[in-house]
Amino acid sequence: AFGNVLIEDLEDSVTITSERLKYHGDGRIAELRGDVQYVDDSIRLYTDNLDYDMVNKSAIYFGGGKIEDGTSTMVSKNGNYDTEGKMMIFTDSVELITPDYTLLSDDLFYNIVTKKARTSSETKIVTKNGRVLKSEESSEFDTRAGTYAFMKGEIDTEEYLIRGNELFYNDASGSYSAKGQVYLLSKEDDIVITGDEADFWEDRNMARVYGDPLLKKMMNNDTLFLRADTLISIDDSLETNKRLLAFHHVNIYKSDLQGRADSLAYFLSDSSIIFYQDPILWNEGSQITADTIQILVREGTIDRLNAKVNSFIIAEDSTGNYNQIKGRMMTAFFKGRNINKVDVTGNGETIYFVADEENSTKLVGMNKIVCSNMKIFFLENEVNDISFYTAPDGQFIPPHELNDADRKLEGFAWKMDERPTRKDIMIGRLEAERIRLEKEQVFKEESLPADLLNTEKKNVEGKTGQEDFKSEEYPVPGQ
C-alpha cells in the first residue's frame, strides 16, 4: 500500500499512519515506512521505519525514532515497544528528556506504567539544576520515586565530585550515598577524601565518609594527610562555619607536623585545627600534649599552637636528655618549621639541660625553674633565653648531683614510637591491622616444628570437611 496508509487496532486503541505499507498476512506483521506515526493511549511514536506485530502487540522501529508520553521525550536509533507489557527497549544513541533531567545512554529499558528504567551501558544524567550523574557500567531509575542507582558511578555538583563502585541518589530527600572505593572532592577547598562508604545531604550541605577514610589537602608545596574512622565535611554560606570533623583514631601527617587524637575539627576559613581528647603532636624533635590543642596554619606552615590544660612540651637534646616545659596554658610560636617561642600561663615549670659549648654531647648541668608565667625563647631548637614573671624559683644542678627523678617533670611520657609516618597514614588502621594479623599467623606457622606441619598437612589432605562439621550446624556464610 502506498500513500496515506492507516492502520487502526480498535481492540488496543492503536492508530498507525505512514506513507507505505507491506503486510505479511501469515505472521500478521505490518512493515510501515516513511513518516510513520504510532499513537495509543500511552504514547506517540515518530519514525520512518516501523514493524508492527499485530499478534504479539509489539512495535519495532529502526533508523531513528522519537517517543512522547505527555511529559517525557525519548529519542534513539532503535526501539522495541511491547504494547501489552508497556515495556520499551531502546538501543543506540538513547536520549530521554524529562522536565527534571536529561538522560544519555547506549541502551534503555523503560516501563511506561511503573516509570522504572534501567541501562546496561555507560549512562549520563544532567538534572535541571546542573547536577551531573554518570555510570560507567549500568544504572537503575525509579522516575516516579526519584531514586537512582549507578554502578561505578559519579555525581558532579557545584560543590562536590563524588565517585563510588555503587552510587545512589534520592531526588526527594536530596541525598546521595556511595559504596566501594569512594572518592569525594571538595572543589572550592581542594580537599580529597577517599573511603569505603559516603553519604551526602544537599539541604544540610554535609558529607560523611567512613570505612577508614583518608583526607588529602595541598598546603603550598606540602600535603596534609588525615586518617580517622569517620570524616564529616560541613559547607556553609558563612565562611567561618565551614569545617571538617574527624572522629575516633585520628592520625595526621604533614612534613612538619604529625599527630594523634580521638577527634578533630578543621576550620577552613582561618586554617585552624583543634585536636580533642588526649591529643599528642610532634613537630621536628618536639612532642606536645594537652587536654586540647589548637594549631593555626599560615601559608602552608604552622604559625602558632595553643595548648590548653595540662600542657606539656618535650624535646630531646644533643646530650640525650629531654628539655621539658609544663603549664596550664601554652602558646607556641613558630619560625619556619621550628618552635621559636613558648608563652606559659599558669603553673609553669621547665627543666632544660646545658651542653658544653665545645662538645654538644657533653652535659654541663640542668636548670630547673618553677614560675607561674614565663616566656621561653629558642634558637636552633635549643633553649636560648627565658623571661620569668611572678616569683620564679630556680636552681642549677650539676651532672654528678642529678638522679633520674630530677630529669623528668611529673607527667613526663616520651611517646616518639607512636609518631605516625606517612606510610602509616597511607596504609590506614584497618589495613595495618590486617597485615599485622597476617604476619602474626605466618610467624606462628614458621614457629611450629617441621614434622608437626607435615603431619597437619597430611591430616588435611583428602578431607571434605564433612567428617568434622555438619552444614546444618555450621552454615556457609551467605547461605
Side-chain angles (χ1 to χ4, degrees), residues 155 157-164 173-179 182-219 222-254 257-282 288-298 300 302-309 420 424-426 428-430:
I155 298 177
T157 72
E158 186 176 343
E159 298 86 10
Y160 293 95
L161 175 65
I162 305 170
R163 296 191 185 118
S173 62
S175 62
Y176 315 94
S177 63
K179 295 182 179 180
V182 172
Y183 173 95
L184 186 148
L185 168 66
S186 177
K187 296 178 180 178
E188 182 179 350
D189 303 310
D190 197 23
I191 291 176
V192 172
I193 303 176
T194 57
D196 293 332
E197 297 187 47
D199 299 308
F200 175 74
W201 297 269
E202 287 183 326
D203 59 341
R204 288 184 280 173
N205 285 322
M206 186 173 79
R208 177 182 64 186
V209 185
Y210 46 101
D212 210 18
L214 171 66
L215 175 145
K216 302 176 186 177
K217 178 172 174 57
M218 287 294 296
M219 291 185 170
D222 202 355
T223 303
L224 172 68
F225 297 91
L226 190 156
R227 178 82 74 171
D229 290 351
T230 303
L231 294 177
I232 296 177
S233 175
I234 300 174
D235 205 350
D236 197 282
S237 56
L238 292 175
E239 285 293 317
T240 54
N241 290 338
K242 293 176 65 174
R243 60 200 182 277
L244 187 137
L245 308 176
F247 295 98
H248 310 310
H249 301 104
V250 174
N251 283 267
I252 69 163
Y253 179 89
K254 193 173 173 289
L257 180 72
Q258 300 80 45
R260 294 179 183 272
D262 175 76
S263 52
L264 170 154
Y266 178 14
F267 293 87
L268 302 173
S269 60
D270 61 358
S271 293
S272 66
I273 305 175
I274 304 175
F275 300 82
Y276 300 98
Q277 296 189 33
D278 301 318
I280 178 168
L281 301 181
W282 294 271
I288 306 148
T289 57
D291 288 5
T292 303
I293 300 176
Q294 177 192 37
I295 63 170
L296 298 171
V297 179
R298 295 285 182 271
I302 307 170
D303 180 67
R304 189 164 74 251
L305 180 150
N306 298 314
K308 299 180 180 180
V309 186
D424 294 333
I425 300 291
M426 296 304 294
R429 184 176 64 87
L430 298 180

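Values below: all heavy atoms of this structure, side chains included; hydrogens, waters and symmetry mates excluded. One-based numbering along the sequence shown.
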Is the backbone N or O of [Y] less than 3.5 Å from a side-chain atom of [X], with the two atoms forming a donor-acceptor pair by type?
{"X": "Asn251", "Y": "His249", "answer": "yes"}
{"X": "Lys216", "Y": "Thr194", "answer": "no"}
{"X": "Arg227", "Y": "Ile425", "answer": "yes"}

Please identify each residue that fulfils side-chain contact (heavy atoms from CB on, under 4.5 Å) with Met218, with sequence neighbours left out.
Asp190, Thr223

Candidate pair Ile295 and Leu281, rule side-chain contact (heavy atoms from CB on, under 4.5 Å), full reasoning
CA-CA 10 Å; Ile295 63 170; Leu281 301 181; 3.9 Å; yes

Tested for salt bridge (Lys or Arg N to Asp or Glu O under 4.0 Å) against Asp189, the lone hit among Arg243, Lys217, Lys242 is Lys242

For residues [X] and [Y], determine if any side-chain heavy atom of one lies less than 4.5 Å from a side-chain heavy atom of the other.
{"X": "Thr292", "Y": "Ile274", "value": "yes"}
{"X": "Tyr253", "Y": "Pro420", "value": "no"}
{"X": "Ile193", "Y": "Leu244", "value": "yes"}
{"X": "Ile232", "Y": "Phe247", "value": "yes"}
{"X": "Leu231", "Y": "Leu184", "value": "no"}
{"X": "Ile252", "Y": "Phe275", "value": "yes"}
{"X": "Tyr160", "Y": "Ile155", "value": "no"}

Closest heavy-atom pair, Trp201 versus Ser175, reported as atoms and distance to 0.1 Å, is CD1-CB, 4.0 Å

Closest approach of Ala290 and Ala307, non-hydrogen atoms and distance?
CB-CB, 3.8 Å

Would you find more than 12 non-hydrogen atoms of other residues, nucleotides or ligands less than 6.0 Å from Asn241 atom CG?
yes

Measuring from [X]:[atom1] to [Y]:[atom2], what's the distance to the nearest 0.5 Å?
{"X": "His248", "Y": "Asp229", "atom1": "NE2", "atom2": "CG", "value": "7.0 Å"}
{"X": "Thr230", "Y": "Leu245", "atom1": "OG1", "atom2": "CG", "value": "10.5 Å"}
{"X": "Tyr266", "Y": "Ser271", "atom1": "OH", "atom2": "OG", "value": "4.5 Å"}
{"X": "Phe200", "Y": "Met206", "atom1": "CZ", "atom2": "CE", "value": "9.5 Å"}
{"X": "Leu257", "Y": "Leu305", "atom1": "CG", "atom2": "CG", "value": "8.0 Å"}
{"X": "Asp303", "Y": "Asp270", "atom1": "CG", "atom2": "CG", "value": "11.0 Å"}

